[in-house]
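Please read the structure below before turning to the comments.
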Amino acid sequence: MSNKGIYIHIPFCKRKCFYCHFVKGEYDAEAIEKYTDALVNEFRIKANANDAVDTVDTIYIGGGSPSLLNEQQVSKIVTGLYKHFTISTNLEFTIEVNPEDVTPAKLKALRNAGINRLSIGTQSFVPADLHYLKRTHSVQQSLTAIEDALDAGFSNINIDFIISLPTQTQKTLVNNLSILEKVHIPHISAYILEEVEDGEKKNLRDEALYFFTLDYLNSLGYIHYEVSNFSKKGCQCRHNLKYWKNKEYIGVGLSASGYEKGLDYKNTENLEEYFAKVNAGCLPRAEVNRGDANFRGIVVGLRLLEGIPVNHFAKYPGELELLLANGFLIRLGNKIAVAPKKILLLNEILTYFVPGS
Ligand SMILES: C[S@@+](CC[C@H](N)C(=O)[O-])C[C@H]1O[C@@H](n2cnc3c(N)ncnc32)[C@H](O)[C@@H]1O
Ligand code: SF4
């Protein structure tokens with residue numbers, strides 16, 4: 001039995017960014033305090049359901065804006081995790097932070113609480129991009145957050161970029177990414193801006209800017225290992241690898257998803273319902289599905305540039321040959337991967353493997 005991960009969602013932000021589709025409400029000191037207690041209750045419910053017998057070796061606190069949690073709330077969550085789960089000593093423990101929310105004291109408190117990986121929502125080091133995104137932080141606040149994080153003892157740091165913005169050109173991208181030559185950051189996420197229109201996610205993809213980013217990061221020594229993720233050697237995100245390698249993880253909090261015992265589940269997105277269910281001792285699940293495990297493995301696994309074992313395609317010999325012959329998929333030893341230049345066509349490629357189609 002392999003070790004599990006835990007994802008914990010913090011659904012509060014000071015302001016809602018117009019392009020963001022993650023579940024969040026506006027920050028409210030009272031609600032976040034009540035929510036922290038509810039999370040610990042949800043840990044207890046999982047433990048009582050005897051779901052917490054496996055060792056946990058990755059924890060990821062994401063959002064929303066987890067950096068809105070105060071020191072006592074972080075400490076309550078960490079104490080609750082250790083009380084209700086078996087936590088490995090070889091733990092990767094990440095928290096997402098907004099650059100404008102962190103101070104040297106706050107970062108030290110996070111580090112002292114046992115958090116050893118930071119994901120900073122920098123988005124861009126070009127003022128015009130931040131202005132387009134209507135972010136409330138400045139380039140300087142991102143640089144200060146990185147410096148303060150290093151001083152606080154974080155060496156495992158990710159920074160988020162959003163690419164393919166209307167304000168971006170190859171020239172401004174060079175200004176943006178060249179900052180990485182001066183600061184030691186082992187992990188980069190570069191997301192193509194995705195907007196939601198009429199309930200549908202729309203990728204505003206500019207392929208040229210995406211592939212330019214790939215080449216530029218590669219020239220700085222970052223290995224492209226997942227559609228949107230890059231790392232220096234040995235610094236891949238262990239938690240997110242669990243998603244892409246089809247491993248089990250526990251989802252806790254409003255709207256959190258999990259995958260355990262072959263079941264995909266998702267918690268409710270309604271905060272009042274979440275409080276009511278958890279405080280009544282019930283798991284706050286809105287959906288539970290047992291999908292096709294092999295298809296699930298293909299969907300998540302082909303996001304990795306290293307690919308997945310060829311046996312995943314045993315049911316699809318014709319489709320596999322066609323996609324190989326046309327250069328959409330490639331063989332890497334006994335694995336099948338998406339051809340790097342076709343990675344943005346992943347969704348189209350996956351349609352060939354939908355069960356029953
Ligand atoms: C959900 S946010 C949480 C982190 C933090 N609240 C922040 O914004 O800095 C994680 C990351 O998702 C990315 N993101 C959010 N909405 C996006 C969108 N519509 N398209 C592409 N990336 C997006 C941003 O890079 C952001 O840093
Ligand atoms: S701060 Fe982060 S989570 Fe909150 S709305 Fe903006 S992008 Fe989304």
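Indexing begins at 1, ligand by ligand and atom by atom, following the structure's order.
Below 30°, between 30° and 60°, or above 60°: for Tyr243 and His239 the angle between ring planes is above 60°, a perpendicular geometry. By the 30° and 60° cut-offs, the orientation of the rings of Phe313 relative to Phe353 is perpendicular. Aromatic ring pairs are classed by plane angle as parallel below 30°, tilted from 30° to 60° and perpendicular above 60°; the pair Tyr35 and Phe275 is perpendicular.
One side chain, Glu226 or Asn229, offers a donor N or O that lies under 3.5 Å from an acceptor on the other. No donor-acceptor contact under 3.5 angstrom links the side chains of His224 and Tyr222, judged on distance only. A donor atom on one side chain and an acceptor atom on the other are found under 3.5 Å apart for Glu42 and Tyr274. Between the side chains of Tyr60 and Glu92, no donor N or O sits under 3.5 Å from an acceptor N or O. There is no side-chain donor-acceptor pair under 3.5 Å between Glu71 and Ser75.
A salt bridge links Lys46 to Glu260: at least one charged side-chain nitrogen sits closer than 4.0 Å to a carboxylate oxygen. One finds no salt bridge joining Asp28 and Lys34 here, because no Lys/Arg side-chain nitrogen approaches an Asp/Glu carboxylate oxygen to under 4.0 Å.
Closest to atom 2 (Fe) of ligand 2 among all protein heavy atoms lies Arg135 NH1, 4.0 Å.
Protein atoms of type N, O or S found under 2.8 Å from atom 4 (Fe) of ligand 2 total 1.
Using a heavy-atom distance under 4.0 Å as the criterion, the protein contacts of ligand 1 are Tyr19, Cys20, His21, Phe22, Gly63, Gly64, Ser65, Glu96, Asn98, Gly121, Gln123, Arg135, Asp160, Ile162, Tyr191, Ile192, Leu193, Glu194.
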